[in-house]
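In what follows, a single structure is set out as structure tokens and then discussed.
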Amino acid sequence: MEVLVDTCGPLRVRNLLLIYLFVLEAAADCPKPQAIPDKNIVLTNEAILKNDFPEGIDVTLECANGYIKESGSGVINCRDGAWTEPDLTCKKKDCGPPVPKQNESFNISAGTLFGAVIKVICDKGYQISGSSFRQCYATGWVGRSKCEIVTCEMPAEVANGKRLWDSGDEPQYGEKVSYSCDEGYTLEGSSVLTCNENGEYDSQPPECKGVVTESRRTTGIVTSTPTSTSTPTSAPTSTPTSAPTSTLTEGYTAVIISVVASTVVVCVLLALLNKYLLRRKGSANGTVPI
Ligand SMILES: *[C@@H]1O[C@H](CO)[C@@H](O)[C@H](O)[C@H]1NC(C)=O
Ligand SMILES: *[C@@H]1O[C@H](CO)[C@@H](O)[C@H](O)[C@H]1NC(C)=O
């Protein structure tokens with residue numbers, strides 16, 4: 001019994017001392033500091049990796065991604081087992097107005113702060129290729145696009161005519177296509193088509209109307225008059241144009257036909273007359289022997 005008491009006494013004291021020291025130490029340590037989402041405050045990587053935060057230690061907090069320091073230092077101190085209030089205030093980062101590329105602009109009515117979404121605007125006759133928006137991220141504006149010039153389809157071909165335009169490729173906004181007709185054809189409609197901002201032509205392609213038969217008839221009349229006047233001066237057989245020779249042969253055939261016809265008529269008449277005379281002669285001969 002005495003031995004037990006003797007040994008238990010000092011043991012208890014030591015245990016109590018250990019417990020006291022442990023409690024003291026636990027009271028002195030601070031818990032791991034926490035981010036403050038309401039204020040867009042986060043821990044630094046250094047603080048995240050740390051596990052022991054003893055009494056008196058300083059930890060630095062920082063602004064969340066996309067936010068920048070407005071005021072304060074961000075340093076908090078472990079005092080009597082609790083962290084002091086951070087004095088840090090954060091505000092949204094400003095991406096600033098984006099730099100437009102050629103024939104491009106932006107509607108920044110939504111602002112240029114972190115998270116803002118703005119619209120890409122292309123000049124008249126240009127269209128967006130890629131994203132039609134930009135968003136302000138912590139790293140800056142995100143979204144790729146460019147304004148490309150509007151093009152029209154290849155201009156329609158026209159029968160008996162030609163198309164002509166500068167690029168030779170698909171005509172672009174504002175480009176003009178000129179049409180012309182082959183000789184002997186007249187153009188009906190617009191001779192110039194312009195590619196508009198919607199990728200369409202401002203009018204339908206023209207038509208090349210054939211006036212060939214009309215013109216031949218007129219040239220026939222025109223050439224027949226000089227040949228008829230030239231006939232007395234020059235040799236009539238040497239005329240190269242087909243129209244006068246055809247009229248000449250037509251004249252000849254008419255003469256030939258009439259000559260042949262009259263010859264035939266004469267022959268037939270002669271034959272009939274001859275037959276009649278022979279019959280009369282025969283009957284006369286017959287009557288004579290009787
Ligand atoms: C497109 O950009 C070019 C080069 O900056 C410019 O010359 C042209 O006028 C612009 N087009 C329009 C429709 O603004
Ligand atoms: C910019 O966008 C706002 C909101 O969408 C709109 O009301 C305004 O008309 C736009 N401005 C231009 C110049 O397009």
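For ligands, and for the atoms within them, numbers begin at 1 and follow the listed sequence.
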Acceptor/donor pairs from residues 106-113 side chains to any protein atom, 3.5 angstrom cut, sequence neighbours excluded:
residue	atom	partner	partner atom	Å
Asn107	OD1	Ser109	N	3.1
Asn107	OD1	Ser109	OG	3.1
Thr112	OG1	Asp94	OD1	2.5

| request: Could you check if a side-chain atom of Pro155 sits within less than 4.5 angstrom of a side-chain atom of Pro171, using non-hydrogen atoms only? | output: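 A side-chain contact under 4.5 Å exists here.
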| Are more than 12 heavy atoms from other residues, nucleotides or ligands located less than 6.0 Å from atom CD of Glu197? | yes
| query | Are Leu61 and Tyr67 in one and the same hydrophobic cluster, where Ile, Leu, Val, Met, Phe, Trp and Tyr link if side-chain heavy atoms are under 4.5 Å apart? | reply | no
May I have every N or O pair linking ligand 1 to the protein at under 3.5 Å, one per line with atom names and distance?
residue	atom	partner	partner atom	Å
ligand 1	2 (O)	Asn103	OD1	2.7
ligand 1	2 (O)	Asn103	ND2	2.5
ligand 1	11 (N)	Asn103	ND2	2.6
ligand 1	14 (O)	Asp123	OD2	3.0

| query | Taking it one step at a time, do Lys162 and Asp182 satisfy salt bridge (charged side-chain N to carboxylate O under 4.0 Å, His left out)? | reply | CA-CA 7 Å; Lys162 289 180 195 72; Asp182 297 341; 3.3 Å; yes
| Spacing of NZ belonging to Lys119 relative to CZ belonging to Phe133, to within rounding of 0.5 Å |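 Rounded to the nearest 0.5 Å, the NZ-CZ separation comes to 5.5 Å.
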| remark: In ligand 2, the atoms that come under 4.0 Å of a heavy atom of Ser109 are 1 (C), 2 (O), 3 (C), 4 (C)
